[in-house]
2 protein chains.
Amino acid sequence: MRTKRFDPKSGCAVEVTLSVIGGAWKPVILFHLLEGKKRFMELSRLVPRATQRMLTLQLRELETDGVILRHVYPQVPPKVEYEISDFGRTLAPILVSLRDWGDAYRETNPNVPSEGEHGDPWACAHSG
Amino acid sequence: MRTKRFDPKSGCAVEVTLSVIGGAWKPVILFHLLEGKKRFMELSRLVPRATQRMLTLQLRELETDGVILRHVYPQVPPKVEYEISDFGRTLAPILVSLRDWGDAYRETNPNVPSEGEHGDPWACAHSG
DNA sequence: ATAGGTACTATCAAAAATGAGCGTACAGAT
DNA sequence: ATCTGTACGCTCATTTTTGATAGTACCTAT
C-alpha cells in the first residue's frame, strides 16, 4: 500500500527523484547527515522547526528509499543513529546544485524569503 | 499573497528550487519546452493526463517564477505560446540530473513504477 | 443554425502532506 | 520517590495540492 510518493502523476523520472528528496525536511536532514552520523535528538535540535513526528516520518521514508541507514543500539534509554548510505551520497551533487540554483534565484527574486528568516540560521546548509 | 511555495518550511535554498520545479507537472512541461515553443493545446496533448486546469496553474507559476515566457497573440481564436526563458534554461542540467538519478533509482528499486505504465510514453523525457 | 476549436476561468470535491499535542518504557540521577 | 532523557507512536485537525466538471467569448466552417 504505497503512499503517493510512488505514484508519480506524470510517470516521469524526475518525479521519482523528487519523491525521494522532496519532503519538507528531507533536504535539510540530508545536508546534516552528509556531515556525519547523527542521533535522533541531535537532528531534532539541528532542525528545531520540524516536529519530532515529521522527523520520524521523513527519516523512515529516507530509510526505506535506501538513502540513509538506521543503526539501533539495544540500550536504555534508546540510542539510534542515522547515517547516509553510499547510495544516498550519490544525491550530494544534486542537492548542491539545487541549493546553488535556489541561492541564485533568491538574488534575482527579492521577495523570496532567505534562510534564517524564521530564526533558524542552520536551516539547510551553507555554501562553504 | 504568496502561496506556500514561497514559505519554505526549512527556509532552505533547496526548497526554493523545488518550489519552482516541484509541481506535479512542471518537470514534464519544462522538458517539452526545452525542445521548443509550444501552444497551450499542444502541451495539453503532450501531457494528456494533466487536466487543463492543472496545466494552466503550473504554467502560470512557471511564468511568475520567470522560467518560461508567455506570448499572447491578439487573435480569435486565441493563440498563446509558451517558451522557456534564458533563466529557465539554467534549470536544464538540474532537470537532467534529477531524471538520470530517478532512472538509476528505478533500476535498483524494482517496485517503482516506470514511465509508460499509465500509457503515456512521452511522460517526461527520453535519455537520447 | 449548428458545431468545433482555443485558451482559458470558476466551483466543488478529494487527496495528500504537515502540524499539535499527548503517551510510553525504562534507566540513571537527585 | 520523583524527575529527566530517548526515540518514537497515536490521534485529531489544518493546510496545501490536485482532480472533475462545467462554462465562456469569439471566430470559422458546414
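So that the names make sense, note that chain A is the first sequence line, chain B the second, and so on, each numbered from 1. Values reported hereafter were calculated over all heavy atoms of this structure, with side chains retained and with hydrogens, waters and symmetry mates removed.
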[X] has an atom [atom1]; how far is it from atom [atom2] of [N], in whole Å?
{"X": "Leu55(A)", "N": "dG9(D)", "atom1": "CG", "atom2": "C1'", "answer": "14 Å"}
{"X": "Glu42(A)", "N": "dG5(D)", "atom1": "CD", "atom2": "P", "answer": "16 Å"}
{"X": "Leu18(B)", "N": "dT16(D)", "atom1": "CG", "atom2": "C1'", "answer": "16 Å"}
{"X": "Leu43(A)", "N": "dG5(D)", "atom1": "CG", "atom2": "C1'", "answer": "17 Å"}
{"X": "Arg70(A)", "N": "dA7(D)", "atom1": "CZ", "atom2": "P", "answer": "10 Å"}
{"X": "Lys79(A)", "N": "dA27(C)", "atom1": "NZ", "atom2": "P", "answer": "18 Å"}
{"X": "Arg60(A)", "N": "dC8(D)", "atom1": "CZ", "atom2": "C1'", "answer": "7 Å"}
{"X": "Met41(B)", "N": "dC8(C)", "atom1": "CE", "atom2": "P", "answer": "9 Å"}

[atom1]/[X] to [atom2]/[Y] distance, rounded to the nearest 0.5 angstrom?
{"X": "Leu59(A)", "Y": "Ser44(A)", "atom1": "CG", "atom2": "OG", "result": "10.0 Å"}
{"X": "Arg89(A)", "Y": "Leu91(A)", "atom1": "CZ", "atom2": "CG", "result": "11.5 Å"}
{"X": "Lys79(A)", "Y": "His71(A)", "atom1": "NZ", "atom2": "NE2", "result": "11.0 Å"}
{"X": "Lys37(B)", "Y": "Glu42(B)", "atom1": "NZ", "atom2": "CD", "result": "11.5 Å"}

Between [X] and [N], does any side-chain N or O lie under 4.0 Å from OP1 or OP2?
{"X": "Trp25(A)", "N": "dG19(C)", "result": "yes"}
{"X": "Arg45(A)", "N": "dA7(D)", "result": "no"}
{"X": "Gln58(B)", "N": "dT18(D)", "result": "yes"}

With distance as the sole test, does Thr17(B) use its side chain to make a donor-acceptor pair with the main-chain N or O of Gly102(A) at under 3.5 Å?
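Checked: pair present.
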
Spell out, as yes or no, whether a donor-acceptor pair under 3.5 Å connects the side chain of Ser97(A) to the backbone of Ile94(B).
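Absent.
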
What contact category does Tyr82(B) fall into here, base, sugar-phosphate, or nothing, at under 4.0 angstrom with non-hydrogen atoms?
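Counting heavy atoms under 4.0 Å across all strands, the contact made by Tyr82(B) is with sugar-phosphate only.
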
Which part of the nucleic acid, if any, lies within reach of Glu81(A) when heavy atoms closer than 4.0 Å are counted: base, sugar-phosphate only, or nothing?
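No contact at all - Glu81(A) keeps every heavy atom at 4.0 Å or more from the nucleic acid.
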
Which atoms form the tightest heavy-atom contact between [X] and [Y], and what is the distance?
{"X": "Trp101(A)", "Y": "Thr90(B)", "answer": "NE1-OG1, 2.9 Å"}
{"X": "Lys26(A)", "Y": "Ile21(A)", "answer": "CB-O, 3.7 Å"}
{"X": "Gln52(B)", "Y": "Phe40(B)", "answer": "O-CZ, 3.7 Å"}

Dot-bracket for DNA chain D, please. Rules: Watson-Crick or G-U, both distances under 3.5 Å, ( ) within the strand, [ ] when a pair crosses earlier ones, | for another strand, . otherwise.
||||||||||||||||||||||||||||||

Identify each atom pair where a protein N or O and an N or O of nucleotides 20-27 of chain D are less than 3.5 Å apart, giving names and distance.
{"unit_1": "dA20(D)", "atom_1": "N6", "unit_2": "Arg53(B)", "atom_2": "NE", "d": "3.4"}

State which of dT18(D), dC8(C), dA7(D) makes the closest approach to the side chain of Phe40(B).
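Between dT18(D), dC8(C), dA7(D), the one nearest the side chain of Phe40(B) would be dC8(C).
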
